[in-house]
Chemist: 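There's a structure below that I have some questions on.
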Amino acid sequence: LSASVRRNGRFLSTAAEPIYRNPPPIVRNLIGGQFVESRSKEFIDIVNPATQEVVSKLPLTTDEEFRAAVHSAKSAFPKWRNTPITARQRVMFKLQELIRRDMVDKLALNITTEQGKTLRDAQGDVFRGLEVVEHACGMATLQMGEYVSNVSSGIDTYSIREPLGVCAGICPFNFPAMIPLWMFPMAVTCGNTFILKPSEKDPGAAMILAELALEAGLPDGVLNIVHGTNDIVNNICDDDDIRAISFVGSNTAGMHIYARAATKGKRVQSNMGAKNHAIVMPDASIDATLNSLIAAGFGAAGQRCMALSTVVFVGGSRPWEDELIKRAKALKVNAGTEAGTDLGPVISRQAKDRIYRLIQSGTESGARAVLDGRNIVVAGYEAGNFVGPTILADVTSDMECYKEEIFGPVLLCMQAESLEEAISIVNNNKYGNGASIFTSSGIAARKFQNDIEAGQVGINVPIPVPLPFFSFTGSKASFAGDLNFYGKAGVQFYTQIKTVTQQWKDLPVQGVSLAMPTSQ
Ligand code: NAD
C-alpha cells in the first residue's frame with residue numbers, strides 16, 4: 001500500500017500498480033448449479049478503473065473444469081428441452097422481476113465498480129438486457145412452427161423449431177450485464193443449455209445474473225459459467241458438444257472464433273467493432289443535434305459499440321465546432337460512483353494508452369485537436385484511467401485515428417460538400433454497425449436510409465439500437481454470421497427446424513411404386 005493514499009476510508013492508488021486490500025474474493029465457476037472455486041493456479045486481477053483497487057481475482061478455468069461445465073450442460077439438456085415452454089417462460093418472468101429488484105444496489109453498483117461507467121449508465125446497461133428477458137417471456141409465440149394441411153391428399157406437413165443443445169456465449173467488457181442478457185435468456189428459453197464466458201475484465205454482473213437465474217428457478221446445469229481468455233475461448237470453439245456460439249467483441253477475436261468454430265461445423269453469430277458516423281446536414285436542428293452528438297460521442301466514455309465516433313458535417317464543420325467544444329468541455333469527468341458524473345474512466349491503462357496514441361497519431365497526420373482530453377487529473381482519483389472528452393477536427397479518411405476503432409471519448413470531425421459525398425465517406429469505411437443522419441429534410445433522410453451501408457440507421461436518432469422485438473443488425477465488418485442477436489433472428493439462431501410430414505388415412509390396397517412420390 002506504499003503507493004497509495006487513504007481517503008474517505010478507502011485506499012486510492014497514486015501509482016500504476018493495482019492495489020490489494022485484504023485478500024480479494026475469487027470469482028467462481030458455475031457448474032451443474034453450484035458456484036465452485038476453481039482449482040486453477042492462474043488468476044487475472046479485476047481492477048476498479050477509477051481507483052486501481054483489485055476488486056476480485058478471476059481464475060483461468062482449467063480444461064477439466066471446462067469439460068465438467070460442458071458435461072453438465074449436456075446432461076441437463078434432455079430434461080430441459082422437454083420442460084413445457086410455459087414453465088421455461090415462467091423462469092424468465094421471475095428473472096425479470098429479480099433483475100428489477102437488484103438492478104440498482106447490486107448490478108449497477110457492480111458494473112460501475114468493475115467497468116467504470118456511471119451508475120445511471122450502468123442501470124441503462126442492465127435495463128437494455130432486461131428488455132431481452134422480457135422478450136423471452138413470449139417465447140411460446142416466437143418459437144412457433146408452421147403447418148400446411150393436405151400438401152398431398154390426406155398428408156400434412158409441419159415444421160417444429162427445436163433447440164440445438166449446448167450453446168455458448170463469449171462476452172466483451174463494455175456491457176457486462178446487457179450482453180450476457182442478449183445471449184442466455186433467449187438461448188435457454190428456446191430449450192438449450194448454455195456455457196457463458198463473461199469478459200475477463202468485469203465478470204461480476206454476469207455472476208450476479210447467474211445467481212438470479214438460479215433463484216428464478218433455472219434448473220441445475222442449464223446455465224454454466226467458465227472464465228478465462230484465449231485458451232477457454234479456443235476450448236469453446238473446438239468442443240464437439242457445443243453447437244452454437246454467440247460472440248460480441250473485437251474483430252480480432254470475432255473473426256478468429258468465427259473461423260475456428262466453423263471448422264467444427266458450429267453456428268456463430270459474431271458482433272464486432274464499429275466506427276459509427278453521424279452525417280449532419282446544414283438544415284439540422286442545431287440544439288438537438290449538438291446534444292445528440294455529445295451524448296452519443298462521449299457517453300460511457302465512448303466505449304459503446306454504437307457510440308457515434310465520427311461526425312461528417314455537410315457544408316463545413318466550422319460553424320458547429322465552437323458550440324460542440326463548449327458543450328463537451330462542460331461534461332464532468334469523475335468516478336462513476338460520484339454524483340453528477342458524465343464520463344467515468346476507460347476500462348484499463350492499456351486502453352487509455354492506446355487512446356492517447358491514436359489521438360497523437362491524428363494530430364501528427366494533420367488533424368486539429370480542438371479539445372484535448374489527455375492528461376486530465378481527477379481529484380481524489382488521480383490513478384484512474386481517465387481520458388477527457390477530445391475532439392479532433394479536419395480528420396480525413398486516410399488517418400489511423402479514423403481507420404481504427406478508438407473506443408474512447410474521442411469525436412472525429414470530417415467535412416463533405418454534399419450528402420452524396422458524406423454517404424460515400426461512410427460507405428467506404430469497413431465497418432457497418434450504425435449510422436445516423438441529422439436533418440429536417442425528408443428527402444435527405446430517405447436518400448440516406450436507402451443508400452447508407454450500415455445495419456442500424458438513425459434518422460435524428462443518435463444510437464439507433466433496436467429493441468428486442470427487432471434484432472441488433474450490424475453489417476459489413478461489424479458482423480459475421482447471418483442470424484443476428486435477439487428478435488426473430490435470435491430465435492432462429494438458437495433453434496433448428498424439423499419438418500414433419502404425416503399421413504393418416506385408410507390406404508386402399510395398392511401395389512408398390514418405386515417412382516418419386518408426387519403430390520396427388
Ligand atoms: P475483445 O475482443 O478483446 O474481448 C471479447 C471477448 O473475446 C472476451 O471474452 C475475450 O476473453 C475474448 N478474446 C479476446 N481476444 C481473443 C483472442 N485473441 N482469442 C480468443 N478470444 C479472445 O473485446 P472487448 O475489448 O472486451 O470489447 C470491445 C469490443 O467489442 C469493441 O470492438 C466493440 O465495438 C465491440 N462490441 C461490439 C458490439 C456489437 O454489438 N457489435 C457490442 C459491444 C462491443
Side-chain angles (χ1 to χ4, degrees), residues 27 44 46 49 58-61 114-117 125 128-129 132 168-183 195-203 205-206 225-238 245-261 268-276 299-309 346-348 350-352 354-355 358 404-408 429-435 454-456 463-466 468 471-481 484-487 489-490:
V27 182
I44 295 174
I46 306 299
L58 176 116
L60 303 189
T61 298
E114 294 188 1
Q115 200 273 354
K117 62 178 74 175
D125 184 333
R128 293 304 297 256
V132 182
I170 300 164
C171 304
F173 79 83
N174 66 328
F175 282 100
M178 179 182 82
I179 287 175
L181 290 173
W182 280 7
M183 298 175 176
I195 309 283
L196 185 73
K197 196 216 73 79
S199 167
E200 68 278 13
K201 299 192 175 84
D202 46 20
I225 300 192
V226 294
H227 300 288
T229 57
N230 303 14
D231 290 346
I232 196 92
V233 168
N234 288 339
N235 278 343
I236 291 173
C237 293
D238 296 346
I245 299 178
S246 299
F247 169 81
V248 180
S250 66
N251 284 62
T252 311
M255 289 315 296
H256 165 75
I257 291 164
Y258 190 72
R260 187 158 177 153
V268 180
Q269 50 178 192
S270 180
N271 270 17
M272 297 175 287
K275 197 84 180 175
N276 306 308
Q303 300 173 112
R304 291 182 184 137
C305 64
M306 285 292 279
L308 275 184
S309 53
V346 297
I347 186 71
S348 63
Q350 292 86 331
K352 178 176 167 173
R354 186 174 168 277
I355 294 164
L358 286 166
E404 291 287 314
E405 180 184 35
I406 300 179
F407 225 54
N429 192 280
K430 69 175 176 177
Y431 294 109
N433 216 31
Q456 291 156 131
I463 306 184
V465 176
S471 298
F472 188 102
T473 49
S475 66
K476 290 164 68 181
S478 299
F479 179 67
N484 298 110
F485 278 82
Y486 58 78

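Whatever order the structure lists them in is the order used to number ligands and atoms, beginning at 1.
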Chemist: Going by heavy atoms in the side chains, are N234 and H256 under 4.5 Å from each other?
Modeler: yes

Chemist: Is the shortest N/O to N/O distance between F173 and ligand 1 below 3.5 Å?
Modeler: yes

Chemist: Would atom 26 (O) of ligand 1 count as contacted, meaning some protein heavy atom under 4.0 Å?
Modeler: yes

Chemist: So, 4.0 Å and heavy atoms of N174: is ligand 1 close enough to count as a contact?
Modeler: yes

Chemist: Is there a donor-acceptor contact under 3.5 Å from the side chain of Q115 to the main chain of K117?
Modeler: yes

Chemist: In the protein, which heavy atom is nearest to atom 35 (C) of ligand 1, and how far is it?
Modeler: G249 O, 3.2 Å

Chemist: Note the single closest protein heavy atom to atom 23 (O) of ligand 1, along with its residue, its atom name and the distance in Å.
Modeler: S250 N, 3.4 Å

Chemist: For atom 28 (C) of ligand 1, what's the nearest protein heavy-atom neighbour? Residue, atom name and distance, please.
Modeler: F407 CE2, 3.6 Å

Chemist: Please assess D231 against L60 for the test side-chain contact (heavy atoms from CB on, under 4.5 Å), listing each intermediate value before the final yes or no.
Modeler: CA-CA 9 Å; D231 290 346; L60 303 189; over 6 Å; no

Chemist: Counting from 1, what ligand 1 atoms have a heavy atom of N433 closer than 4.0 Å?
Modeler: 41 (N)

Chemist: If you count the atoms of ligand 1 from 1 in the order shown, which ones are under 4.0 Å from a heavy atom of I170?
Modeler: 6 (C), 7 (O), 9 (O)

Chemist: Return yes if some donor-acceptor pair links the side-chain N/O of R304 with the main-chain N/O of I463 below 3.5 Å, else return no.
Modeler: no

Chemist: Quick one: does any side-chain atom of Q456 pair with a main-chain N or O of N433 as donor and acceptor, under 3.5 Å?
Modeler: yes

Chemist: Suppose we measure from atom 7 (O) of ligand 1 to each protein heavy atom; which comes out shortest, and what is that distance?
Modeler: F247 CE1, 3.4 Å

Chemist: Donor-acceptor pair, distance only, cut-off 3.5 Å: does the side chain of K476 make one with the backbone of N429?
Modeler: yes

Chemist: Does any N or O of ligand 1 fall below 3.5 Å from an N or O anywhere on K197, backbone included?
Modeler: yes

Chemist: N276 side chain to C305 main-chain N or O, any donor-acceptor pair under 3.5 Å?
Modeler: yes

Chemist: Report yes if some N/O of E200 lies less than 3.5 Å from some N/O of ligand 1; otherwise report no.
Modeler: yes

Chemist: Donor-acceptor pair, T473 side chain versus G455 backbone, under 3.5 Å?
Modeler: yes

Chemist: Treating S478 as the side-chain partner and M272 as the backbone partner, does any N or O pair qualify as donor plus acceptor under 3.5 Å?
Modeler: no

Chemist: Are the side chain of K275 and the backbone of E404 linked by a donor-acceptor contact shorter than 3.5 Å?
Modeler: yes

Chemist: Look at atom 13 (N) of ligand 1 and say which protein heavy atom is nearest, naming residue and atom and giving the distance to 0.1 Å.
Modeler: A253 CB, 3.7 Å

Chemist: For atom 40 (O) of ligand 1, what is the nearest protein heavy atom, given as residue, atom name and distance?
Modeler: N271 ND2, 3.0 Å

Chemist: Which one holds for F472 and ligand 1: side chain close, backbone close, both close, or neither close, with close meaning a heavy atom under 4.0 Å?
Modeler: side chain

Chemist: Out of all atoms in ligand 1, which are within 4.0 Å of some heavy atom of V233? Include the element for each.
Modeler: 20 (C), 21 (N)

Chemist: For atom 18 (N) of ligand 1, what's the nearest protein heavy-atom neighbour? Residue, atom name and distance, please.
Modeler: N230 ND2, 3.5 Å

Chemist: Heavy atoms only, cut-off 4.0 Å: how does M272 contact ligand 1, side chain, backbone, both, or neither?
Modeler: backbone

Chemist: Can you check whether W182 has an N/O within less than 3.5 Å of an N/O in ligand 1?
Modeler: no

Chemist: Decide whether the shortest distance between a heavy atom of I179 and an atom of ligand 1 is less than 4.0 Å.
Modeler: yes

Chemist: Check for me whether C171 has a heavy atom closer than 4.0 Å to any atom of ligand 1.
Modeler: yes

Chemist: Is a side-chain donor or acceptor of N271 paired with a backbone partner of F485 at a separation under 3.5 angstrom?
Modeler: no

Chemist: Ignoring hydrogens and geometry, is there a side-chain-to-backbone donor-acceptor pair from D202 to E114 under 3.5 Å?
Modeler: no

Chemist: Describe, in one word, how the ring planes of W182 and F472 are oriented to each other, choosing from parallel (under 30°), tilted (30 to 60°) and perpendicular (over 60°).
Modeler: tilted

Chemist: For atom 31 (C) of ligand 1, grab the closest protein heavy atom and report residue, atom and distance to one decimal in Å.
Modeler: E405 OE1, 3.4 Å

